Amino acid sequence: MGDIASGLIFLVFALLTVFSAYLVVSSKNIVHSALFLALTFVGVAALYVLMNADFLAAVQLLVYGGAVAIMIVFGVMLTLRSGNAQNSNLDSRNALAGAIVSLLTFATLGLVVFTTEPWRKTVDLSATGTTTGDISWLMLTKYVVPFEVAAVLLLVAMVGAIILAKGVNDSK
Amino acid sequence: MNFSLTVGLPHYLLVGAMLFCFGLYGVFSKKNAIAVLMSLELMLNAVNINLIAFNRFLWNNPVEGTKHLLLNGHVSAIFVIVVAAAEVAVGLALVISIYRSRLSANVDELDWLKW
C-alpha cells in the first residue's frame, strides 16, 4: 500500500514536470512558456521532496520558482516588441534537426538507464532525516573553497549583469 | 526488464532525461533568445534531478566515523543552482542589451560575426 501510494505520488509529479516542460518548448506564446517554466520548477521541487532533499526543495522553490521565473518574465516583457505576445516563440528552421537530435539523445539515455544493472537494485533507504545540517557541514569543511568561489562568482555575475544591462556611460 | 511498483533510481533518471531532451530541443529550435535561456534552465534542472537521485539511491549512507549523511550530490546541485542563477542574470542582461541596439531578440539575426 505504501509502495502504491508513493508510486502514485511520484507519477503525478513526474507527469506534471514532464508535461509542463513539454509545454515550455511547444507553446507559441512566450508568456505561456515562462509560466509553464515556473510550473516545471515547482514540479521538480516536489520530486526533490520525494527524494528526501528538503533543503534543495526549499532552495529550488526560492531561487528557481521565485527569482529565476520572475527574471525570465521581466526579460520577456522587456524584449517583447509592440506588446504582441502571439507567435512570439516560434521555431526556427533548425526545429526538425533539433527534434531528431534530442530524440536520439533521449533514446541513448533511456537505453543506458534501463540496461545498467547496478542502478536497478533495491536499496536500503532507511537513513532518513533532514539534510540541512549535513549540507552545511560538508560546505564548511570539504567544499569551503568552492563555496567561496561561488560567492565571488555571484558577485561578479551581479556586477556584470548591471553593467551589461545599464551600460557604463549611463551610470556616471 | 521488471517494472515494479517501487519507485527507484531509473524512474527519476528517466524524468531527468526527458527534461534534458526537451531542453535540448528548445535550445536547438527556438528563435527567441529568452526561450533559449528557458530551455537551458530546463537542462540544468534535469542535471540537478540526476545528481540528487544518485545521491539518494546509491550513496544514502553516513560518512564513516560520523553520523553525517554523505551529501556530495546535494552540494553539487547547490553549486549548479548558483551557476544557473549567475548564467540567467548575465544572459538576460546580454539579451536586453542586444535588443536595445538591434530591436530584436531573434537568435537567427545575431549574425554580425559573419565574415
Side-chain angles (χ1 to χ4, degrees), chain A residues 3-4 6-7 10 14 17-18 21-22 24-25 30 33 37 44 47-48 51-53 56 59 63 68 71-72 75-76 78-79 88-92 94-95 97-99 101-102 105-106 109-110 113-114 119-120 123 125 127 131 134-135 137-139 143 146 150 153-154 157 160-161 164-165, chain B residues 1 5-15 17-22 24-26 28-32 34-35 37-39 41-42 45 49 52-53 56-58 60-62 68-69 71-72 74-75 77-79 81-83 85-86 88-90 92-97 99 103 105 108:
Chain A
D3 276 356
I4 296 176
S6 64
F10 168 78
T17 309
V18 170
Y22 169 71
V24 169
V25 291
I30 196 163
S33 289
L37 188 71
V44 173
L47 291 181
Y48 289 172
M51 283 187 283
N52 200 29
L56 254 299
V59 168
V63 175
V68 171
M71 216 147 60
I72 294 270
V76 166
L78 286 174
T79 58
S88 53
N89 192 16
L90 296 177
D91 287 342
S92 71
N94 301 326
V101 167
S102 51
T105 311
F106 180 67
L109 288 175
V113 164
F114 277 110
W119 293 353
R120 282 197 284 144
V123 287
L125 295 176
T131 58
D134 294 342
I135 288 175
W137 176 75
L138 216 52
M139 265 196 165
Y143 292 106
L153 173 74
L154 276 180
L164 277 173
Chain B
M1 228 184 266
L5 280 172
T6 316
V7 179
L9 181 56
H11 306 85
Y12 284 102
L13 293 185
L14 210 60
V15 172
M18 281 183 189
L19 277 193
F20 187 86
C21 292
F22 283 136
L24 198 65
Y25 170 72
F28 278 134
S29 71
K30 284 301 168 188
K31 268 185 178 174
N32 196 321
I34 307 272
L37 280 177
M38 287 190 213
S39 309
E41 294 298 318
L42 281 184
N45 262 285
I49 289 181
I52 293 172
R56 171 71 170 149
F57 290 100
L58 295 184
N60 197 42
N61 44 1
H68 297 290
L69 277 176
L71 291 178
N72 290 301
H74 290 220
V75 177
I78 289 175
F79 287 135
I81 288 176
V82 169
V83 173
V88 75
V90 175
L92 279 177
L94 275 172
V95 172
I96 288 169
S97 169
Y99 180 80
L103 281 183
D108 287 341

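Reckoned from all heavy atoms, side chains included, excluding hydrogens, waters and symmetry mates. Every chain is numbered from 1 and lettered A, B, ... according to where its sequence line falls, protein lines coming before strand lines. A quick note: this is a predicted structure, and the numbers were derived from the prediction, not measured.
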When [options] are compared by non-hydrogen pairs under 4.5 Å with chain B, the top option:
| options | value |
| --- | --- |
| A14(A), A157(A), S102(A) | S102(A) |
| G110(A), A97(A), P146(A) | P146(A) |
| N94(A), T105(A), L138(A) | L138(A) |
| L56(A), V44(A), L109(A) | L56(A) |
| V24(A), V68(A), I30(A), L47(A) | I30(A) |

[X] [atom1] to [Y] [atom2] distance, which is reported to the nearest 0.5 Å:
| X | Y | atom1 | atom2 | result |
| --- | --- | --- | --- | --- |
| D134(A) | H74(B) | CG | NE2 | 9.5 Å |
| T17(A) | F22(B) | OG1 | CZ | 11.5 Å |
| L71(B) | I135(A) | CG | CD1 | 5.5 Å |
| M139(A) | I78(B) | CE | CD1 | 4.0 Å |
| Y22(A) | L42(B) | OH | CG | 14.0 Å |
| I34(B) | L37(A) | CD1 | CG | 11.5 Å |

Taking [options] one by one, which has the highest count of heavy-atom pairs under 4.5 Å against chain A?
| options | answer |
| --- | --- |
| A89(B), G26(B), A85(B) | A89(B) |
| L94(B), V83(B), V82(B), V95(B) | V82(B) |
| V88(B), L103(B), N32(B), I52(B) | I52(B) |

Select one option (side chain, backbone, both, neither) describing which atoms of [X] are under 4.5 Å from chain A's heavy atoms.
| X | result |
| --- | --- |
| L92(B) | side chain |
| Y25(B) | both |
| L58(B) | side chain |

Completion exercise
The interface call for V63(A) against chain B, heavy-atom contacts under 4.5 Å, is side chain
Practice task
Measure F10(A) against the heavy atoms of chain B and call it side chain, backbone, both or neither at under 4.5 Å.
Solution key: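 Interface part for F10(A): side chain.
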Problem - Flag, side chain of K30(B) to backbone of S92(A), donor-acceptor distance under 3.5 Å - result: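 The answer is no, because no donor-acceptor pair under 3.5 Å joins these two groups.
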For a quick test of reading the model, state the closest non-hydrogen atom pair linking [X] to [Y] and the distance between them.
| X | Y | answer |
| --- | --- | --- |
| A21(A) | L19(B) | CB-CD2, 3.3 Å |
| F106(A) | L14(B) | CE1-O, 4.2 Å |
| V7(B) | G7(A) | CG2-CA, 3.6 Å |
| M51(A) | R56(B) | O-CD, 3.3 Å |

Exercise for the section: Answer yes or no: is there a side-chain heavy-atom contact under 4.5 Å between Y99(B) and L78(A)? Expected result: no
Exercise for the section: Could you check if a side-chain atom of M38(B) sits within less than 4.5 angstrom of a side-chain atom of S33(A), using non-hydrogen atoms only? Expected result: yes
Handout entry: Residues which pass ring pair (Phe, Tyr, Trp, His ring centres under 6.0 Å) with F20(B), listed by chain and number, not counting sequence neighbours
Key = none
